[in-house]
2 protein chains.
Amino acid sequence: METTSKTEPAVERVHAQLRSWLLDGTLSPGAMLSENDLSSRLAVSRTPVRGALRRLEAEGWLTIYPKRGALVRRLSFEEALAVADARQVLESAYVDAVSDEARAELCTRLDRMIDEEQDEARDGDYVKLVNRTIDFHRAFVEVGENPVLLQFYDHLRERQLVMTLQTPARVTGRWEEFTREHRNLVDLMRTGDRESFVTALRDHIVGTHGPVLGIRC
Amino acid sequence: METTSKTEPAVERVHAQLRSWLLDGTLSPGAMLSENDLSSRLAVSRTPVRGALRRLEAEGWLTIYPKRGALVRRLSFEEALAVADARQVLESAYVDAVSDEARAELCTRLDRMIDEEQDEARDGDYVKLVNRTIDFHRAFVEVGENPVLLQFYDHLRERQLVMTLQTPARVTGRWEEFTREHRNLVDLMRTGDRESFVTALRDHIVGTHGPVLGIRC
DNA sequence: AGAGTACATCTTGGATCCAAGAAGGGATGG
DNA sequence: CCATCCCTTCTTGGATCCAAGATGTACTCT
């Protein structure tokens, strides 16, 4: 039987720490990681660090060059486009492939989320606002109730997050526009008009991440 | 130990070997892996084995229970359904989201593949036939020219492959039907009728994978 | 002086050592 | 006779040791 272990292995802690450093920009793409440095900084030996690096490599965060070191992967322009396109595919996957009740339920939920978006935009709480928009887009995938796709989607968003961290904050005063586009997406979702939804979503994603992709890479 | 190729680290070889063992059924779901056993069998120390296990864990093949060992993951019924659904989402992603020329080109290519399917079905070359059908379905994703999605798709197929290896039942006499359904899919793709394509694809995948809830087609 | 080479140093990869914990078995008590 | 507890043994996780390769520098030869 599987019982929960009392003590968490060091490799888990190291992996979690490195992962959070990757997500908050402490370790940015192009950085070269030293096992010695990490092990001394985390007060463990090189063994758990190596295990964590292997995992992060398999997760697509790093590329390990034999005898040379671990490099934090930087997405190419083509890969960044592919990530955005993949997001678009997943978010529009269930527009016309889910029951009417589920779709109606989703739309009321989305409406609530947009209302909260507007409140937070008024309050100027940008951090919450960003999280809210992430949840908004994620909801289009959640409705499919497919944990495999959802996990992959989260992976895509993490990659995008790292890319945006690289660019100097440029999202400032377009919240009104975003909210309007979000409302439009919900309307199209409600009517089940897949064709229009796809094009609107593409414009929205390209309009949001396009500058990031174009300016910086 | 000293004559190992200097360009390829041992951990790479171990990882590749374990991966192939997972794909050919030598290591089947539910198996418990022993580091000592693997290291002696592969004539390396436990160190590269551990690294390979970490990578395989991150790739979703194993779950490592601390202080207990590595278990080859067995997909639950719900996960198997999710994988099949995810495949369906990806294969139908570009039915109406790609240029007419690309779609026409794809369809002629698919027609050729079905012709070769029939040839091989006549010859009774089932191994080639299975690979051909895999290529057939993959082509629907390839047309999107999205390496990120394609890699994910391959991952899904690998998981399905392992599941089919688990089931002793082999589908042998339904090739005519499969070919007919494939022709139908190409027709729907050619007209760009997404609605019908999705339902036909769902029936096809469920019809083939449902009975054993492993894979086939 | 410039280029090529040899060396010194640093880092990673593999092997080994040691400790902690989990599984199994046997003894003991109810 | 069965359940519980302890002890032995085995496996994994972490730390350390050693070797091989890569980098950078300084020296030498033309």
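Throughout, a chain's letter reflects where its sequence line sits, starting with A, and its residues are numbered from 1.
- Rounded to an integer number of Å, the gap from CD of B/Glu35 to P of C/dG14 is 14 Å.
- No side-chain donor-acceptor contact under 3.5 Å links B/Arg50 to the backbone of A/Thr47.
- To the nearest angstrom, P of D/dG13 lies 15 Å from NE2 of A/His15.
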Considering only distance and modelled atom types, tabulate donor-acceptor pairs under 3.5 Å from the side chains of residues 197-206 of chain A, sequence neighbours left out.
{"from": "A/Thr199", "atom 1": "OG1", "to": "A/Glu195", "atom 2": "O", "distance (Å)": "3.4"}
{"from": "A/Thr199", "atom 1": "OG1", "to": "A/Ser196", "atom 2": "O", "distance (Å)": "2.8"}
{"from": "A/Arg202", "atom 1": "NH2", "to": "A/Gln88", "atom 2": "OE1", "distance (Å)": "3.3"}
{"from": "A/His204", "atom 1": "ND1", "to": "A/Glu181", "atom 2": "OE1", "distance (Å)": "2.4"}
{"from": "A/His204", "atom 1": "NE2", "to": "A/His137", "atom 2": "NE2", "distance (Å)": "3.2"}
{"from": "A/His204", "atom 1": "NE2", "to": "A/His182", "atom 2": "NE2", "distance (Å)": "3.1"}

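- The closest side-chain donor-acceptor pair between B/Asn36 and B/Ser34, if any, does not fall under 3.5 angstrom.
- End-to-end axis angle for the helix from C/dA1-D/dT30 to C/dG30-D/dC1, using five pairs per end and rounding to 10°, comes out at 10°.
- Counting non-hydrogen atoms under 4.0 angstrom, A/Leu53 reaches nothing in the nucleic acid.
- Distance OH (B/Tyr65) to C1' (D/dG13): 18 Å, rounded to an integer number of Å.
- Counting to the nearest Å, the C1' atom of C/dA22 and the CD1 atom of B/Ile64 are 16 Å from each other.
- Checking B/Arg68, B/Arg46, B/Arg54 one by one against B/Glu35, the salt bridge (Lys or Arg N to Asp or Glu O under 4.0 Å) holds for a single residue, B/Arg46.
- Side-chain N or O atoms of B/Arg157 include none that pairs as donor or acceptor with a backbone N or O of B/Arg138 at under 3.5 Å.
- Listed by chain and residue number, nothing satisfies the side chain to side chain donor-acceptor pair (under 3.5 Å) test with A/Glu57 (two or more places apart in sequence, or in another chain).
- Between B/Arg54 atom CZ and D/dG14 atom C1' there is a gap of 11 Å when expressed in whole angstrom units.
- For A/Asp96, the salt bridge (charged side-chain N to carboxylate O under 4.0 Å, His left out) criterion is met by A/Arg194, B/Arg194, not counting sequence neighbours.
- Looking at which nucleotide of DNA chain D each of B/Asn36 and A/Pro66 is closest to, the 5′-most match is held by B/Asn36.
- The stretch residues 40-50 of chain A touches DNA chain C through A/Arg46, A/Arg50, each having a heavy atom under 4.0 angstrom from the strand.
- Legend: residues meeting side chain to side chain donor-acceptor pair (under 3.5 Å) with B/Gln17, ordered by chain and number and at least two apart, are B/Ser20.
- For B/Lys67, whose side chain is taken as the heavy atoms from C-beta onward, the closest listed nucleotide among C/dA22, D/dG14, C/dT12 is C/dA22.
- Distance CG (A/Leu33) to C1' (C/dT12): 13 Å, rounded to an integer number of Å.
- Closest contact between the side chain of A/Arg68 and the listed nucleotides D/dA22, D/dG14, C/dG13 involves D/dA22.
- Atom CE of A/Met32 and atom P of D/dT23 are 9 Å apart (whole Å).
- In this structure, the CG atom of A/Leu71 is 15 Å from the C1' atom of C/dT12, given to the nearest Å.
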